[in-house]
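A short write-up of the structure that comes next.
Count residues from 1 along the sequence.
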Amino acid sequence: MNTAWESRRRRVFDIIDIGSDNDALSRGYDFFNVFSILLNLAASTLYTFDSMELKYGALLLTLERITVALFAIDYVLRVWTAKYLYPGLSQLRAVKKYMLSFTGVVDFLSFVPYYLPFFFPSGAVAFRMLRIVRIFRLFRINAYYDSLNVITEVITSKKQQLLSSVFIILVLMLSSSLCMYSLENQAQPEVFTNAFSGIWWAASTLLTVGYGDIYPITTLGKMFGIFITFLGVGMVAIPTGIISAGFVDQYSRIKRMSEYGEEEDIHFIRIRLSEEDPWTDHTIAQLNLPARVIVAVIKRGQKILVPRGNTVLKAGDVMVFGAESFQDKEHIRLKEIFLKKSNPWIGLRIRDLDISRQSIIVLVKRGRKMRIPTGNMVLQEGDTVILYTQSHLAHSSDIEI
C-alpha cells in the first residue's frame, strides 16, 4: 500500500514538474499552469478599469477566484512532492527548503493574501496590496522556455559584476549628494537642508532621469551638476554593458553547442552502475561532471529515461555519456602494452620499472576492470598497461584518443 502511495506521489511530481516532450500529461499541466497565471494577471488588470468592472466585474472576480484556488492546489501538491524535488534530503527538510525558496515564497504569497481578509477583515487593504506578488509567478514561465531562461542565466552568471557596479553607483550617489549640499545649502537652504537631501537629485541625475524638481542654481553647483551628468551616463552604461556582454556570451555558447552537434563528432561511452559505485543513490546534479560532458540517456530495466538534475541513479542503471571529440592540438600520444608471459615487467612494482622518467603509466586494465596505478601495484601476466611516453617501446601500439 505504501509503495502504491509513493508511486502516486512520484507520478504527481512528474506531472507538476517541468514536463518532457514524451509525457503529454506533464506538458499539458505546464501549459495549463502558464495559462492560469496569464489569466489571473489579465483578470486582475482588467478589473482596475471602471468600464470593465461595470460590464464584466462578476466574471473577472470569478476568474480570479478560480485561478487563485488553482494556485493554492498547486502549492499543496508541490509541498506534498517536495521530497522528489530535493531527493537528497528528508521529507521534512525538503518541504522546509521548498517553502523557504524564492519560488516557494512566491507560490505561497500568490494565494494566501486573497484568503486572509476572510479571517482578518480589518487588514483587507494591506492584504490586497500583497496580491501584487502574484506577478512574480511569471518567473515560472521563465523556467518552461529556454529562450526566456537565458535572462536568469545571464543575471546569475554576472551577479558579482552587477553588484560591484551597483555599489559604485551608490557610493557615487552619496558623495555627489554631499558635494551638492556643500555648494547649494546657502543658496537653497529649504531644498538642500542636510547632507542626505541631495540623494533624490543625485539619483535622478546619475541615472539620467532629470525630473527637474530639484536642481542647482549657483555657478559652481551647475558646473558640478554638468560633471555628474556626464559621469552618470558612464555609470549607467556599466551594468548595461555587463548584461549585454552576458547575452552575447550566452548566445555564443548556445551557438557553439549547436555547431558542435552539426560539425563535431560526439563520442559516447556506456557505464553500468553497481551497488559499490559511489554514484549509486545520488542525483545527476550531485555528480559534478565536467562542463563538456553530459548524461545523454539512462536505461533502467526496459525503460529509457530522460536524465534531469534531480534524477536519482540506481544500481543496474546503464548511463550513456556524451562528449565532443578530442582535438589533438596538444599531441598527446598514449601507448598500450599487453603483458605476455615473457614480459620482464611481470612481477615488478610500477616504481621499480626500468622506464624513462618522462613515461607515465596512466591506467592498468586487469581482466574487465580498469585500475588506477600506484607505485606499489605489482604487474601481472595478462595486464594491459596504458602509458604516456615519448620513448620507443617494443611490442607497444598507439591508442587513438
Side-chain angles (χ1 to χ4, degrees), residues 1-42 63 66-89 91 94-95 97-99 101-108 110-111 134-153 254 257 281-287 289 294-314 316-320 322:
M1 184 174 180
N2 290 334
T3 304
W5 179 260
E6 288 298 325
S7 178
R8 293 191 190 97
R9 177 152 58 169
R10 177 71 194 191
R11 181 54 184 156
V12 170
F13 171 76
D14 291 337
I15 293 174
I16 66 176
D17 194 28
I18 300 176
S20 57
D21 294 334
N22 58 357
D23 192 338
L25 189 58
S26 182
R27 291 297 293 170
Y29 184 85
D30 293 344
F31 288 119
F32 178 74
N33 198 13
V34 171
F35 177 75
S36 299
I37 296 171
L38 296 177
L39 184 63
N40 178 270
L41 293 175
L63 291 176
I66 293 173
T67 52
V68 169
L70 293 174
F71 295 160
I73 295 172
D74 180 80
Y75 180 79
V76 172
L77 292 177
R78 292 184 186 278
V79 170
W80 185 48
T81 59
K83 63 177 293 185
Y84 296 107
L85 183 62
Y86 305 104
L89 303 178
Q91 171 72 24
V95 170
K97 185 172 183 178
Y98 165 72
M99 294 179 67
S101 65
F102 175 77
T103 55
V105 172
V106 171
D107 291 345
F108 181 74
S110 63
F111 71 90
R134 269 183 241 159
I135 197 171
F136 288 106
R137 284 187 70 91
L138 287 172
F139 284 107
R140 286 209 171 273
I141 303 177
N142 188 38
Y144 294 141
Y145 300 99
D146 291 337
S147 56
L148 296 176
N149 200 36
V150 172
I151 300 173
T152 304
E153 293 179 357
I254 294 173
M257 290 174 63
D281 297 327
H282 286 71
T283 63
I284 292 178
Q286 296 172 335
L287 302 185
L289 295 174
I294 63 169
V295 181
V297 71
I298 299 174
K299 184 178 181 182
R300 181 172 294 166
Q302 300 299 321
K303 293 183 178 181
I304 301 297
L305 305 179
V306 178
R308 301 177 183 173
N310 57 6
T311 301
V312 180
L313 302 174
K314 298 181 179 180
D317 286 353
V318 177
M319 304 178 63
V320 178

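- Listed by chain and number, the residues in a side-chain hydrogen bond (donor to acceptor under 3.5 Å, both in side chains) with Tyr86 amount to none (sequence neighbours excluded).
- Interatomic distance, OG1 of Thr311 versus NE2 of His282, reported as 14.5 Å (0.5 Å rounding).
- A 4.5 Å side-chain heavy-atom check between Ile16 and Thr81 finds at least one atom pair inside the cut-off.
- Side-chain atoms of Phe13 and Arg8, non-hydrogen and from C-beta on, never get closer than 4.5 Å to each other.
- Asp17 and Arg78 are not joined by a salt bridge, as no carboxylate oxygen comes within less than 4.0 angstrom of a charged side-chain nitrogen.
- Residues Asn40 and Leu63 form no side-chain contact, since every pair of their non-hydrogen atoms from C-beta on lies 4.5 Å or further apart.
- Closest approach of Phe111 and Ala72 over heavy atoms only: CD1-CB, 3.6 Å.
- In terms of heavy-atom proximity, Ser36 sits nearest to Thr67 at O-CG2, 3.8 Å.
- Leu70 places none of its side-chain heavy atoms less than 4.5 Å from the side chain of Asp74.
- Ring geometry for Phe32 against Tyr29 counts as tilted: the plane angle lies between 30° and 60°, on a 0 to 90° scale.
- Taking 4.0 Å as the cut-off between side-chain N and carboxylate O, Arg11 and Glu6 do not count as a salt-bridged pair.
- For the pairing with Leu313, the side-chain contact (heavy atoms from CB on, under 4.5 Å) check across Thr283, Ile298, Asp281 returns one residue only, Ile298.
- The two residues Arg10 and Tyr84 have their closest heavy-atom pair at NH1-CD2, 3.1 Å.
- Atoms CG and CD1, on Leu25 and Ile15 in that order, are 4.0 Å from each other to the nearest 0.5 Å.
- Here the side chains of Phe108 and Tyr98 are not in contact, with every heavy-atom distance at 4.5 Å or above.
- The minimum heavy-atom distance between Ala296 and Pro307, with the atom names listed, is O-CD, 3.6 Å.
- Contact annotation: the side chain of Val295 never approaches that of Val320 to less than 4.5 Å [non-hydrogen atoms, C-beta and beyond].
- A salt bridge links Arg27 to Asp30: one of the charged nitrogens lies within less than 4.0 Å of a carboxylate oxygen.
- In this structure the side chain of Arg9 reaches within 4.5 angstrom of the side chain of Lys83, judged on heavy atoms.
- By the 4.5 Å heavy-atom criterion applied to side chains, Val312 and Ile284 are not counted as neighbours.
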